[in-house]
**Student:** 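Dumping the structure here so I can ask a few things about it.
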Amino acid sequence: MSKNLQKKQKARRSEDQKIHESTSAESMAQFLAKMSHEIRNPLNIIVGATEILRESAISEEHQKYVDILDQASNNLLSLINDVLDISKIEAGQTELDLTEVCLAELLESISHMLALKAEKKKTTLLTQIDRQCPAFIITDKLKLKQILSNLLSNAIKFTENGHISVRVRRQAEGLEFCVEDTGIGIPQEAQKSIFESYKQASPQTGSQFGGTGLGLAIVQSLTTLLGGKVWLKSAPGKGSSFFFTLPLKMIPEKISAKQCSDISHQLSEKNEYKPLLLVIEDEEDLLDVFADIFNDQNIELQLTSNPEFALQEIKNRSFDAILSDFHMPSMTGLELLKKIRKQHIETPFILMTGDSSKQLIIEGFRAGVMDLIEKPFEESELVSIVWKSIRKGKKLKELRQLAIKEKKLPALNILIAEDSQENQFLLKTFLRNSPCKLNFCNNGQEAIESFRNSVSDLIIMDIEMPVLNGYEATKEIRKIETQEMRKPSYIVALSAHALQSEVNKALEAGCDHYITKPVKKSILIDLIAEFYDRSEKH
């Protein structure tokens, strides 16, 4: 009798413990979601102000400060997302969304996403899918992408001047993914706890490379959720290999991996950004060297030894960057640049020279040189500088196009309900060159009164506001529209909440769209343009 009683008491304690752990995890998830909201609000201001600064006419030195701010805010946003992800996983709030995924396209998109990080560390990123693998798998695309992104980001972080590879193989139990690097490696004693939350290989690792130690914990949790397992092989100074599996039952047979690669290649030919580089070098032999260097860089080349021919080509074609020698018989690189600038062409210009005197550097940057490289140069250094200039030029071009798009926006009446004066200032600055008329309100009640007394084409509704929140204000506006038989306004929820439950709540309240802070100018302008296009069609 006493034994049965002990068993029942033990079972009850075990059940109570599970309930307590579940409740604690859920409470922690709610707390972290609240903290995420509170952090995203000031982060929105930092990201927005940084974007405004980037558009301003600032010096090269100040541009570096802006880049640092941008990188730091992105790191903070990544940290917030990691903490929120791990809390949702531990609280059992993560659900699977199974869809059909093309392996080649997935790996290609991740590679492009992380290419800049790898380039900055002078590492080569390689991907390989064995022919035995199916072209398509049924899995949760976002979670698989997050697993691979976390592993690759770690590999890039801990690898200097090496290579990183992703390989997918068909195994008896399913698909095996391997992310391999030639980085610093992990000591044997640290490998046992490396997948635990907030754990890193050593305190020195955290202080030197940064991070929270959540990336691998998320990898393990998501892999388990997908029905797989994860493990590693590593040794200090010899790099690391992280493996994870997906079960076979999630992999239907369709077409071959080669066919999928062909499909992916066709898609990338249509959509992928492939830059065009003009190289001017009077030594013919060196032109062949440049052709070899950029052969595998996915860069289209136009090579010439004649500066006059280069000027003619610049009139006929749009180049993403120009790489020119300084010492040439007919004209110097700087003379060429001055003639280019007379054509009002702002293409990034890189100058190669054996003379890196202070005077030349000053004169070069005054003339509009974006970067300068000294001969003889290492191949990796040249490639890095060219890609940096191409991306910087592309960013400037995007900003110019965004400014043009902003001016071409229709003259809409936009009601903005936002209690933060700083956020009001940012939204006003984002749209300062547009013809849109902005009407700002400080809370939901003011938004309702303003809506009653004026016509609003578009409403941007902050969710967390004093007096009356965005949910209640949206419901009341929808009631007014029904009572007065008004045409429904397009209402966009603006919130620092990143949980799907909050998105659903906003949509149920009557919102048409949901934007999570921090808000970028490009997202706001695209949203307005898309809304106008949709309303014109209907």
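Nothing here was measured: the structure is a model prediction, and the numbers come from that model.
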**Student:** May I ask you to test the Trp387-Pro275 pair for a side-chain heavy-atom distance under 4.5 Å?
**Tutor:**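 Sidechains of Pro275 and Trp387: in contact.
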**Student:** For the residue pair Thr304 and Ala310, what are the closest heavy atoms and their distance?
**Tutor:**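 Looking at all heavy atoms of both residues, the shortest contact is CG2-CB, 4.0 Å.
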**Student:** Check Pro187 against Pro236 and note the closest heavy-atom contact, atom names and distance.
**Tutor:**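 Answer, listing the atom of Pro187 first, then Pro236: CA-CG, 3.8 Å.
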**Student:** With a 4.5 Å cut-off on side-chain heavy atoms, are Leu151 and Val230 touching?
**Tutor:**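 No; the side chains remain at least 4.5 Å from each other.
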**Student:** For Ile523 and Phe430, run side chain to side chain contact (heavy atoms under 4.5 Å, CB included): C-alpha distance rounded to whole Å, both residues' side-chain angles, the deciding distance at 0.1 Å, then the answer.
**Tutor:** CA-CA 10 Å; Ile523 293 173; Phe430 282 165; over 6 Å; no
**Student:** Decide side chain to side chain contact (heavy atoms under 4.5 Å, CB included) for Ile110 and Thr127; before the verdict, give the C-alpha distance in whole Å, the side-chain angles of both, and the deciding distance to 0.1 Å.
**Tutor:** CA-CA 10 Å; Ile110 294 171; Thr127 60; over 6 Å; no
**Student:** Just wondering, do Leu107 and Val168 contact through their side chains at under 4.5 Å, heavy atoms?
**Tutor:**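 Val168 reaches Leu107 side chain to side chain.
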**Student:** State, with a plain yes or no, whether a side-chain heavy atom of Phe326 is found less than 4.5 Å away from one of Leu372.
**Tutor:**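 Counting from C-beta outward, Phe326 and Leu372 never come under 4.5 Å.
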**Student:** So for atom CZ, which belongs to Phe290, do other residues, nucleotides or ligands contribute more than 12 heavy atoms lying within a distance under 6.0 Å?
**Tutor:**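 Yes - once you tally the heavy atoms of other residues, nucleotides and ligands closer than 6.0 Å, there are more than 12.
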**Student:** Are Val219 and Phe244 packed together at the side-chain level, in the sense that at least one heavy-atom pair is separated by less than 4.5 angstrom?
**Tutor:**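 No, every pair of side-chain atoms sits at 4.5 Å or beyond.
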**Student:** So, Thr182 side chain and His163 main chain: donor-acceptor pair closer than 3.5 Å or not?
**Tutor:**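 Side chain of Thr182 to backbone of His163, a donor-acceptor pair under 3.5 Å: yes, one is there.
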**Student:** Under the side chain to side chain contact (heavy atoms under 4.5 Å, CB included) rule, what do Leu382 and Leu323 come out as? Steps first, then yes or no, please.
**Tutor:** CA-CA 10 Å; Leu382 176 65; Leu323 177 65; 4.0 Å; yes
**Student:** So does Gly333 get a backbone contact from the side chain of Ser324, meaning a donor-acceptor N/O pair under 3.5 Å?
**Tutor:**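 Side chain of Ser324 to backbone of Gly333, a donor-acceptor pair under 3.5 Å: no, none is there.
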**Student:** Taking the side chain as every heavy atom from C-beta outward, state whether Leu311 and Ile340 have any atom pair closer than 4.5 Å.
**Tutor:**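 In contact.
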**Student:** Evaluate the side-chain proximity of Asn423 to Leu494: yes if any heavy-atom separation is below 4.5 Å, no if none is.
**Tutor:**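 The answer is no; the side chains never approach within 4.5 Å.
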**Student:** Does Gly239 offer a backbone N or O that forms a donor-acceptor pair with the side chain of Asp181 under 3.5 Å?
**Tutor:**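 No.
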**Student:** If you define the side chain from C-beta out and look only at heavy atoms, does anything of Leu216 sit under 4.5 Å from Leu232?
**Tutor:**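 No - every pair of side-chain heavy atoms lies 4.5 Å or more apart.
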**Student:** Has Thr245 got a side-chain atom pairing as donor or acceptor with Lys229's backbone, closer than 3.5 angstrom?
**Tutor:**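 Looks like yes, one N/O pair under 3.5 Å.
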**Student:** Before giving the answer on side chain to side chain contact (heavy atoms under 4.5 Å, CB included), spell out for Leu222 and Asn150 the whole-Å C-alpha distance, their side-chain angles and the decisive distance to 0.1 Å.
**Tutor:** CA-CA 11 Å; Leu222 292 180; Asn150 282 11; 6.0 Å; no
**Student:** Is Asp130 reaching over with its side chain to a backbone N or O of Gln132, donor-acceptor style, under 3.5 angstrom?
**Tutor:**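 Such a contact is absent between Asp130 side chain and Gln132 backbone.
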